[in-house]
Amino acid sequence: MATHLVWFRNDLRITDNTALTAACQHPSDRVIALYIATPQQWHQHDMAAVQAGFIYANLCTLQQSLASIGIPLLVLEVNDFGGIASAITQVCQQHQVDALFYNRQYPLNERRRDQAVEQTLSPEVDCHGFDDALLFPPMSILTGKGEMYQIYTPFRHALIHHLQTKLQPVLPAPKQRGGEVNTTDIPPFNYPLDSHDAFPAGEQPALQRLRRFCRENVMDYERYRDIPAQDMTSRLSPYLAIGVLSVRQCYHRLLAESADFLLQPQSGAFAWFNELAWREFYHHLLVAWPKLSMNKPFIGWTERIHWNPSHDDFQRWCDGETGYPIVDAAMRQMNHTGWMHNRLRMIVASFLVKDLLIDWRRGEHYFMSRLIDGDLAANNGGWQWAASTGTDAAPYFRIFNPTTQGKRFDPQGHFIRQWLPELGDVPDKWIHTPHQWSEKQGKPIDYPTPIVDHATARIATLVAFEQARKPQAIGED
DNA sequence: GTGCACTTGCT
DNA sequence: GCAAGTGCA
């Protein structure tokens with residue numbers, strides 16, 4: 001009989017958990033689980049209080065579900081990654097652990113942390129890392145030249161090929177083992193913890209939501225996903241971000257409901273699959289190009305852009321006080337709920353970068369500090385896409401018009417009115433340009449005038465990008 | 001080399 | 001129509 005320690009990190013579930021399953025392979029072995037909170041590290045990574053609260057809530061349900069299969073959960077708190085190796089060593093000595101099991105995390109700091117742990121523990125403790133967080137391990141989906149893709153569409157083609165030939169099945173939760181496990185309440189982390197009713201904690205609510213979405217909503221996803229007032233998105237991102245749900249579970253569930261969706265690129269199921277594929281793409285990218293984890297843009301020359309350093313402009317964007325209703329409503333949705341509709345994320349990101357000419361990294365960090373589904377790879381990928389600094393050739397001269405976007409995706413202003421009650425009197429026709437209505441009527445409204453004129457800002461941004469791209473053209477002749 | 005294609009737009 | 005390059009097969 002051996003003692004196995006399962007170290008939970010971004011995989012707070014017992015179903016389809018590769019490391020947990022491996023640790024439980026032999027019924028006679030003793031299995032204990034461990035989670036280590038790292039408040040200092042979270043702070044450095046701008047983790048949102050809603051996400052920390054969500055982790056805490058899900059850890060509590062994880063403790064229960066682990067107890068139900070006879071596995072006790074230890075929860076420790078260590079300030080940062082530096083203290084983890086010694087903390088785990090101590091646990092291993094206390095419980096006479098023979099082997100450590102964990103699912104790999106791919107960002108740079110996490111990989112370094114795991115290396116340090118393995119070095120410290122070996123050879124007394126066998127360490128087993130598993131690829132579990134993605135459909136396929138990073139650097140396993142490659143071009144003909146053996147390199148990671150830089151363009152999404154060919155990556156997706158290769159991904160589909162892999163899915164059809166070598167995807168792992170979903171793993172069931174391990175069978176119950178050993179005797180009863182007593183649980184005591186997990187003390188709250190030494191970190192701000194917020195919670196929100198919109199995302200109930202636990203694997204069961206997550207799986208229910210997944211099943212329901214794939215059964216009832218996904219067919220309409222292509223048609224309605226861009227309408228924030230409709231809210232036809234899956235709302236599964238918070239669960240995926242901390243691993244309450246696995247992406248394999250999502251894919252298999254989708255396949256169970258729409259067996260041939262890969263043959264129907266127009267279907268809602270395919271559109272949603274695209275989102276899972278984007279997640280996969282961005283995670284693979286982050287591993288292939290470490291600079292992406294180091295605050296660097298993918299396209300080098302964009303480092304030469306002279307960003308607007310304004311603290312005030314940035315703050316107004318953060319607070320939803322820009323005078324562009326769709327932008328402000330979106331920011332207030334995020335500030336109040338910890339979540340923002342995907343279409344709106346693109347709109348507000350484009351606005352910060354292309355209208356205010358503010359460094360995308362400030363927006364990226366702000367998003368992380370507010371989002372319940374904050375995920376380094378997806379968030380960075382999304383921001384670099386919006387800022388035109390990323391892999392895909394989203395030409396920088398393609399700039400969202402916030403008013404046009406608002407009219408297209410929230411025509412009657414249903415979403416805007418939800419978050420900007422001060423615009424209650426503004427007729428639908430003017431809901432995207434309330435200041436114009438106000439002037440016309442001679443009625444003041446309690447809402448800011450636009451922080452910038454879009455047409456003017458657009459030109460300025462084009463110039464700033466063009467100058468950065470061709471610096472030698474300046475001052476010559 | 002050679003041709004095709006490139007998330008979600010805008011004036 | 002833009003506008004321009006280059007990743008990928």
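Throughout, protein chains are lettered first and strands after them, A, B, ... in sequence-line order, and every chain is numbered starting at 1.
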Starting at atom CZ of R223(A), determine the distance to atom C1' of dT8(B), rounded to an integer number of angstrom.
18 Å
dC6(B), OP1 or OP2 - any side-chain N/O from Q150(A) closer than 4.0 Å?
no
Ion pair present between R209(A) and E216(A), side-chain N to carboxylate O less than 4.0 angstrom?
no
Pick base, sugar-phosphate or nothing for Y282(A), based on heavy-atom distances below 4.0 Å to the nucleic acid.
base
Parallel, tilted or perpendicular: which one describes the rings of F298(A) and W289(A), with boundaries at 30° and 60°?
perpendicular
What nucleotide among dT7(B), dT11(B), dC8(C) has an atom nearest to a side-chain atom of Y152(A)?
dT7(B)
Expressed in whole Å, how much space separates the P atoms belonging to dG9(B) and dG5(C)?
24 Å
Which nucleotide sits closest to the side chain of I151(A): dG9(B), dC6(B), dT11(B)?
dC6(B)
Can you tell me the distance, in whole Å, between the CH2 atom of W301(A) and the P atom of dT6(C)?
12 Å
Side chain to side chain donor-acceptor pair (under 3.5 Å) test vs D132(A) passes for just one of T18(A), N17(A), N10(A), namely T18(A)
Spacing of the P atoms in dG1(B) and dG7(C) (rounded, Å)
14 Å
The side chain of R458(A) lies closest to which of these nucleotides: dT11(B), dC6(B), dG9(B)?
dT11(B)
Write down the distance separating the P atoms in dA3(C) and dC4(B), rounded off to the nearest Å.
23 Å
All stems that DNA chain C takes part in, i.e. 3 or more consecutive Watson-Crick or G-U pairs with distances under 3.5 Å, are B:2-6 with C:5-9
Parallel, tilted or perpendicular: which describes the rings of W278(A) and Y282(A), with under 30° parallel and over 60° perpendicular?
tilted
Among F189(A), Y191(A), W339(A), Y239(A), the one residue meeting ring-ring contact (aromatic ring centres under 6.0 Å, His included) with F54(A):
Y239(A)
From NZ of K145(A) over to P of dC8(C), roughly how many Å is that when rounded to an integer?
9 Å
How many whole angstroms separate atom CH2 of W385(A) from atom P of dT8(B)?
6 Å
With no hydrogens and no angle check, just 3.5 Å: does a side-chain donor-acceptor pair link Q51(A) and D373(A)?
no
Which one, dT8(B), dC6(B), dG9(B), comes nearest to the side chain of N342(A)?
dT8(B)
Using a cut-off of less than 4.0 Å, is there contact between a side-chain N or O of H157(A) and OP1 or OP2 of dA5(B)?
no
Considering only dT8(B), dC10(B), dC6(B), which nucleotide approaches the side chain of R225(A) most closely?
dT8(B)
Rounded to the nearest angstrom, tell me the gap between atom CZ in F155(A) and atom P in dC8(C).
11 Å
Taking only side-chain N and O atoms of Y149(A), does any of them lie within less than 4.0 angstrom of OP1 or OP2 on dT6(C)?
no
Which whole number of Å gives the distance between the P atom of dT7(B) and that of dG1(C)?
23 Å
Rounded interatomic separation in angstrom, taking CG from L159(A) and P from dT7(B)
14 Å
Which residues satisfy the ring pair (Phe, Tyr, Trp, His ring centres under 6.0 Å) test with H414(A), sequence neighbours excluded?
none
In terms of the angle between their ring planes, are W419(A) and H336(A) parallel, tilted or perpendicular, with boundaries placed at 30° and 60°?
tilted
Options dT7(B), dC8(C), dC10(B), nucleotide nearest the side-chain atoms of W278(A)
dT7(B)
Heavy atoms only, 4.0 Å cut-off, all strands: where does R345(A) land among base, sugar-phosphate and nothing?
nothing
Side-chain donor or acceptor of R304(A) paired with backbone N/O of A468(A) under 3.5 Å
yes
Quick one: is dA4(C) close enough that its OP1 or OP2 comes under 4.0 Å of any side-chain N or O from R469(A)?
no
Taking dC10(B), dT8(B), dT7(B) as options, the one with an atom nearest any side-chain atom of N401(A) is dC10(B)
Measure the distance from CH2 on W383(A) to P on dT8(B) and round it to the nearest whole Å.
18 Å
In whole Å, what is the span from the CG atom of D453(A) to the P atom of dT11(B)?
11 Å
